Visitor: 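To start, I am sharing the structure in question, which I have written as structure tokens.
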Amino acid sequence: MKKMMLGNEAVARGFYEAGCKVVSSYPGTPSTEITEYAAKYDEVYCEWAPNEKVGLEVAFGASLGGARAAACMKHVGLNVAADPLFTMSYTGVNGGLVVCVADDPGMHSSQNEQDSRHYAAAAKLPMLEPSDSREAKEFAKVAFELSEKFDTPVIFRTCTRIAHSQCAVELEAPIEVALKPYEKQPQKYIMAPANAIRRHPVVEARTAALTEYAEDCPLNRVEYAERGALGIITSGTCYQYVKEVFGDSVSVLKLGLVNPLPKKLILDFAAKVDRLVVVEELDPFIENHCRCLGLNPDGKNIFPICGEFSQALIAKTLLAPSADFIPADPVPVRPPVMCAGCPHRGLFYVLSKKKVTVIGDIGCYTLGSAAPLTAIDSVLCMGASVSGVHGFNKASGGASENKTVAVIGDSTFMHSGMTGLANIAYNGTNSTVIIVDNSITGMTGHQQNPTTGYNIKGDPATKIDLEALCHALGINRVRVVDPYDLAATEAAITEELAADEPSVIISRRPCALLKYVKAKPAFTVDSEKCKSCKMCMKIGCPAISMKDGKAKIDATLCVGCGVCQQMCKFDSILGGEE
């Protein structure tokens, strides 16, 4: 039976068919749906871990216990998981272990465009890269087989286009994989220096064996054209672009195993074409390998090193510009914006009004940086706001403590903000940290986290008490405010910035898009009373606009949060009644 599947759904299906028993992940676009789809199979235990490092360590523990296991994350999540990843290369596995990472060329939802292939090379681990949903499922199954055959974790790389595009996938029955017995092997699994130094040669021998495997494995294939002198080496989604532009008119070496790369296979292919071109997004990973083999292909000298590729880009670069690949009407830009009724809007308005320096973090609240709020000064990585505000205040000798805050989400705080708060308490700055608790992991599509009280399947689970946790980390001043109440929010910020000890403000209001959150009746504007002062426009609510010089509220968007009504000095915004 065949089914149209997203790439992420196909990866999850591959896990299921391969007999994977444990998946532990942290949500991150474009990888999130892999774990959500895997959780639909009762045979696969799935969970949201507090962060990617924990998720990969859980997967390693399951592998050590003899089960096939996986951890999924986006590319920046692999940075968080790098510590266990590099040492797992030395220990090897018991049950098959797959590390699924989704890159984001074009930065559709990310803070950088890092190329995860470098992690595979640096950690000396095999990496597979599918080109569509069908391969996503099949390669996921092969990844477990290679993991156990070569005694290694296997990195499985996708990207935004593979993750979120569809094609027909053949469904097969899952195989039964018996739990491998655990055998005590201190020299293999205890990475003290005396053991680790003996494992390094094992890693090098494994890399040599995998390189030999890459020469004629089914993951790599050559498609020779009957005519034409152009030969293209490519992988992943770029393979699809090349085929859509050229069809069968050029020779293609498609690489599914992108680390380690073959040598003889590439040299033989290059010898049979007159012009060699490497088509790959982001860094010249394959191109540099070709140059190490003595070849001189075209690559980043004609293709950009930044951004996502397309059929139009490849056609324009390697052919005369073709109207077939250039959209007649470009898709209009739709910048992201906080939703109508977003609980973060009132908080950021107050911070902007008070001209507070805001060290921000990763989440939907990052949109507080956009106009008209423009309330965030810095966003680095998950958890960096809490550590960053401490450093910012240390740099000023404490002079900035009464005008600088950190803002971090509830899920991000559990991910990597707790240690920063412990640092504030331990090493002493009078820093103010604001935890924006919207009762969900919002930006990635409403996943549960340790503060929500539910697990990945929606079943009741332990709910971390943020107030108690902050107290336990050494913070005495902890208070909760409703960000819909502008006066109370401003009072809390003013008082905590003036305090002579560190403090935490929990800005608590559920995400307006949660199914259990009931919208209130929409507000309206009395055009006779409206003085066109545009104060209501300063919060950047998409439900409010100016029409014929007067404020207007779109009843189809307004959720009745009341923030705009509190800002109007002329009582022209009406409503608020149930």
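In this text the structure is predicted, and so the values were computed from the model without any measurement. Positions are given from 1, in the same order as the sequence printed here. Because only heavy atoms are used, hydrogens play no part in the values below, and waters and symmetry mates are left out as well, while side chains stay in.
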Visitor: Salt bridge or not between R509 and D485? Use side-chain N to carboxylate O under 4.0 Å.
Guide: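 Between D485 and R509 there is no salt bridge, as every charged N stays at least 4.0 Å from the carboxylate O atoms.
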Visitor: Are D104 and H75 close enough that a side-chain donor and a side-chain acceptor fall under 3.5 Å?
Guide: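 Checked: D104/H75 side chains show no N/O donor-acceptor pair below 3.5 Å.
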Visitor: Could you tell me whether the side chain of S385 and the main chain of D361 form a donor-acceptor pair under 3.5 Å?
Guide: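 No; judged by distance alone, with no hydrogens or angles, the pair does not exist.
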Visitor: Mind checking the CE-OH spacing from M443 to Y365? Nearest 0.5 Å is all I need.
Guide: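 The distance works out to 9.0 Å.
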Visitor: Identify the heavy atoms of C20 and V44 that sit nearest to each other, and give their distance.
Guide: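 In terms of heavy atoms, the two residues are closest at O-CG2, 3.4 Å.
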Visitor: Tell me if a side-chain donor or acceptor on R508 pairs with a main-chain N or O of V481 at a distance below 3.5 Å.
Guide: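 No.
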Visitor: Calculate, to the nearest 0.5 Å, the distance between atoms SG and CD1 belonging to C100 and I34 respectively.
Guide: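 C100 SG to I34 CD1: 3.5 Å, rounded to 0.5 Å.
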Visitor: Answer whether the closest heavy-atom distance between the side chains of V517 and L513 falls below 4.5 Å.
Guide: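 When only atoms from C-beta onward are counted, L513 and V517 do not touch, as no gap falls below 4.5 Å.
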Visitor: Going by salt bridge (Lys or Arg N to Asp or Glu O under 4.0 Å), D151 matches just one of K180, R206, K188. Which one?
Guide: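 The residue from K180, R206, K188 that satisfies salt bridge (Lys or Arg N to Asp or Glu O under 4.0 Å) with D151 turns out to be K188.
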Visitor: Check this for me, if you would: do E170 and K3 make a salt bridge, where the nitrogen-to-carboxylate-oxygen distance has to be below 4.0 angstrom?
Guide: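 Not counted as a salt bridge, because no side-chain N and carboxylate O are separated by less than 4.0 Å.
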Visitor: Of the non-hydrogen atoms in P126 and P153, which two are nearest, and what is the gap between them?
Guide: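 Reported closest heavy-atom pair: CD-O, 3.6 Å.
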Visitor: Is there a donor-acceptor contact under 3.5 Å from the side chain of T412 to the main chain of I408?
Guide: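 Here the side-chain-to-backbone pair does not exist.
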Visitor: Out of C72, P27, S109, which one pairs with T32 under the side-chain contact (heavy atoms from CB on, under 4.5 Å) rule?
Guide: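 Of all the options given, the one that passes is P27.
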Visitor: Surrounding NZ of K463 (heavy atoms of other residues, nucleotides or ligands, distance under 6.0 Å), is the total greater than 12?
Guide: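 Not more than 12 within 6.0 Å, no.
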Visitor: For a quick test of reading the model, state the closest non-hydrogen atom pair linking P30 to A163 and the distance between them.
Guide: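 Scanning both residues, the minimum pair turns out to be O-CB, 3.4 Å.
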Visitor: Would K254 and E223 pass as an ion pair if we require N to O under 4.0 Å?
Guide: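 Not counted as a salt bridge, because no side-chain N and carboxylate O are separated by less than 4.0 Å.
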Visitor: How long is the straight-line distance from CD of E113 back to NE2 of H108, given to the nearest 0.5 Å?
Guide: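 H108 atom NE2 to E113 atom CD measures 8.5 Å (nearest 0.5 Å).
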Visitor: Can you find a pair of side-chain heavy atoms, one from Q448 and one from I456, that are under 4.5 Å apart?
Guide: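 When only atoms from C-beta onward are counted, I456 and Q448 do not touch, as no gap falls below 4.5 Å.
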Visitor: When you measure from the side chain of S25 to the backbone N and O of W48, does any donor-acceptor pair fall under 3.5 Å?
Guide: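 Absent.
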Visitor: Minimum heavy-atom separation for G92 and F60, please, with both atom names.
Guide: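 Nearest pair, atom of G92 first, then F60: O-CE1, 3.9 Å.
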Visitor: Could you please spell out the steps behind the side chain to side chain contact (heavy atoms under 4.5 Å, CB included) verdict for E33 and H164?
Guide: CA-CA 9 Å; E33 299 91 347; H164 294 153; 3.3 Å; yes
Visitor: Please confirm whether the backbone N or O of D410 pairs with a side-chain atom of D437, one donor and one acceptor, at under 3.5 Å?
Guide: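 Absent.
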Visitor: Please report the shortest heavy-atom distance between N259 and A120, naming the atom on each side.
Guide: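 For N259 and A120, the tightest heavy-atom pair comes out as ND2-O, 3.3 Å.
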Visitor: Determine, stepwise, if the pair E135 / R221 fulfils salt bridge (Lys or Arg N to Asp or Glu O under 4.0 Å).
Guide: CA-CA 13 Å; E135 285 190 348; R221 69 173 185 264; 3.4 Å; yes
Visitor: Supply the atom-to-atom distance I506 CD1 to C470 SG, rounded to the nearest 0.5 angstrom.
Guide: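 One gets 5.0 Å once the value is rounded to the nearest 0.5 Å.
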Visitor: If we ignore angles and hydrogens, is there a donor and acceptor under 3.5 Å between the side chains of N79 and Q114?
Guide: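 Present: a donor and an acceptor within the cut-off.
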Visitor: Please determine whether side chain to side chain contact (heavy atoms under 4.5 Å, CB included) holds for the pair Q311 and Q240, giving the CA-CA distance in whole Å, both sets of side-chain angles, and the decisive distance to 0.1 Å.
Guide: CA-CA 9 Å; Q311 300 93 327; Q240 300 294 347; over 6 Å; no
Visitor: Any heavy-atom pair between the side chains of S507 and H344 that's under 4.5 Å?
Guide: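 Not touching, per the 4.5 Å side-chain cut-off.
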Visitor: Give me the one residue out of V177, V98, V93 that meets side-chain contact (heavy atoms from CB on, under 4.5 Å) with F144.
Guide: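 When V177, V98, V93 are each tested with F144, the side-chain contact (heavy atoms from CB on, under 4.5 Å) holds only for V98.
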Visitor: Test your reading of the model: is there a side-chain donor-acceptor pair from T374 to the backbone of A371, 3.5 Å cut-off?
Guide: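 No, the answer is negative, given that no donor and acceptor are paired below the 3.5 Å cut-off.
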Visitor: Are the aromatic rings of Y16 and Y41 close, with centres under 6.0 Å apart?
Guide: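 Yes - the distance between ring centres of Y16 and Y41 falls below the 6.0 Å cut-off.
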Visitor: Determine whether a donor-acceptor pair (N or O, by modelled atom type, separation under 3.5 Å) exists between the side chain of S147 and the backbone of A143.
Guide: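 Not at all, since once roles are kept as given, no pair shorter than 3.5 Å links the two residues.
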Visitor: If the threshold is 4.0 Å, N to carboxylate O, is there a salt bridge linking D115 and R117?
Guide: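 Salt bridge between D115 and R117, a charged N being under 4.0 Å from a carboxylate O: yes.
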Visitor: Side-chain contact, heavy-atom cut-off 4.5 Å: I362 with Q111?
Guide: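 Yes - at least one pair of side-chain heavy atoms lies under 4.5 Å apart.
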Visitor: Indicate whether any N or O donor in one side chain lies under 3.5 Å from an N or O acceptor in the other, for S416 and N51.
Guide: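 Side-chain D/A pair, S416 to N51: absent.
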Visitor: Report yes if the distance between the aromatic ring centroids of F309 and F303 is under 6.0 Å, otherwise no.
Guide: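 When the ring centroids of F309 and F303 are compared, they turn out to be within the sub-6.0 Å range.
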Visitor: Specify the closest pair of heavy atoms between S235 and I286, including all atoms of both residues, with the distance to one decimal.
Guide: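 Closest heavy-atom pair between S235 and I286: OG-CD1, 3.9 Å.
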Visitor: Verify the distance criterion only: is there a donor paired with an acceptor across the side chains of Y26 and S411 at less than 3.5 Å?
Guide: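 Short answer, yes.
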Visitor: Which distance, rounded to the nearest 0.5 Å, do you find between the CG of L557 and the SG of C339?
Guide: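 Spacing of CG (L557) from SG (C339) equals 10.0 Å.
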Visitor: Can you tell me if Y239 and D132 form a side-chain donor-acceptor pair at under 3.5 Å?
Guide: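 No pair is found: no donor N or O on one side chain lies under 3.5 Å from an acceptor on the other.
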Visitor: For D103 and C159, indicate whether the former's side chain and the latter's backbone hold a donor-acceptor pair under 3.5 Å.
Guide: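 Side chain of D103 to backbone of C159, a donor-acceptor pair under 3.5 Å: no, none is there.
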Visitor: Please report the C-alpha distance between S31 and V101 in whole Å, then the side-chain angles of each, then the deciding distance to 0.1 Å, and finally whether the side chain to side chain contact (heavy atoms under 4.5 Å, CB included) criterion is met.
Guide: CA-CA 7 Å; S31 72; V101 58; over 6 Å; no
Visitor: Under 3.5 Å, is there a donor-acceptor pair between the side chain of R13 and the main chain of N8?
Guide: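 Not confirmed, R13 side chain does not pair with N8 backbone.
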Visitor: Using side-chain heavy atoms (C-beta onward) and a distance below 4.5 Å, is N449 in contact with I440?
Guide: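 They are not in side-chain contact.
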Visitor: Are the side chains of P510 and N438 in contact, using a 4.5 Å heavy-atom criterion?
Guide: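 Counting from C-beta outward, N438 and P510 never come under 4.5 Å.
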Visitor: Distance alone, cut at 3.5 Å: any donor-acceptor contact between the side chains of R68 and S63?
Guide: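 No, no side-chain donor-acceptor pair sits under 3.5 Å.
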Visitor: Would you sort out whether E17 and K137 count as a salt bridge (Lys or Arg N to Asp or Glu O under 4.0 Å), showing the intermediate values?
Guide: CA-CA 9 Å; E17 290 185 6; K137 191 206 79 164; 2.9 Å; yes
Visitor: Would you say T91's side chain and Y189's backbone share a donor-acceptor pair under 3.5 angstrom?
Guide: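 Side chain of T91 to backbone of Y189: no pair is present.
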Visitor: Working note: K53 + E57, criterion salt bridge (Lys or Arg N to Asp or Glu O under 4.0 Å); need CA distance, chi angles, decisive distance, verdict.
Guide: CA-CA 6 Å; K53 179 178 185 291; E57 290 162 349; 2.5 Å; yes
Visitor: Side chains of I155 and L128: does their closest heavy-atom pair fall under 4.5 Å?
Guide: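 They are not in side-chain contact.
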Visitor: Please tell me whether F150 and Y213 form a close aromatic pair, meaning their ring centres lie under 6.0 Å apart.
Guide: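 F150 vs Y213: aromatic centres under 6.0 Å.
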Visitor: Does the side chain of L56 come within less than 4.5 Å of D83's, by heavy atoms?
Guide: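 Answer no - side chains too far apart.
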Visitor: Does I505 form a side chain to side chain contact (heavy atoms under 4.5 Å, CB included) with V433? I'd like the steps, not just the answer.
Guide: CA-CA 6 Å; I505 300 171; V433 175; over 6 Å; no
Visitor: Measuring from F413:CZ to L469:CG, what's the distance to the nearest 0.5 Å?
Guide: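 Between atom CZ of F413 and atom CG of L469 there are 5.0 Å.
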Visitor: Under a plain distance cut-off of 3.5 Å, with no hydrogens placed, do Q447 and E36 share a side-chain donor-acceptor pair?
Guide: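 Yes.
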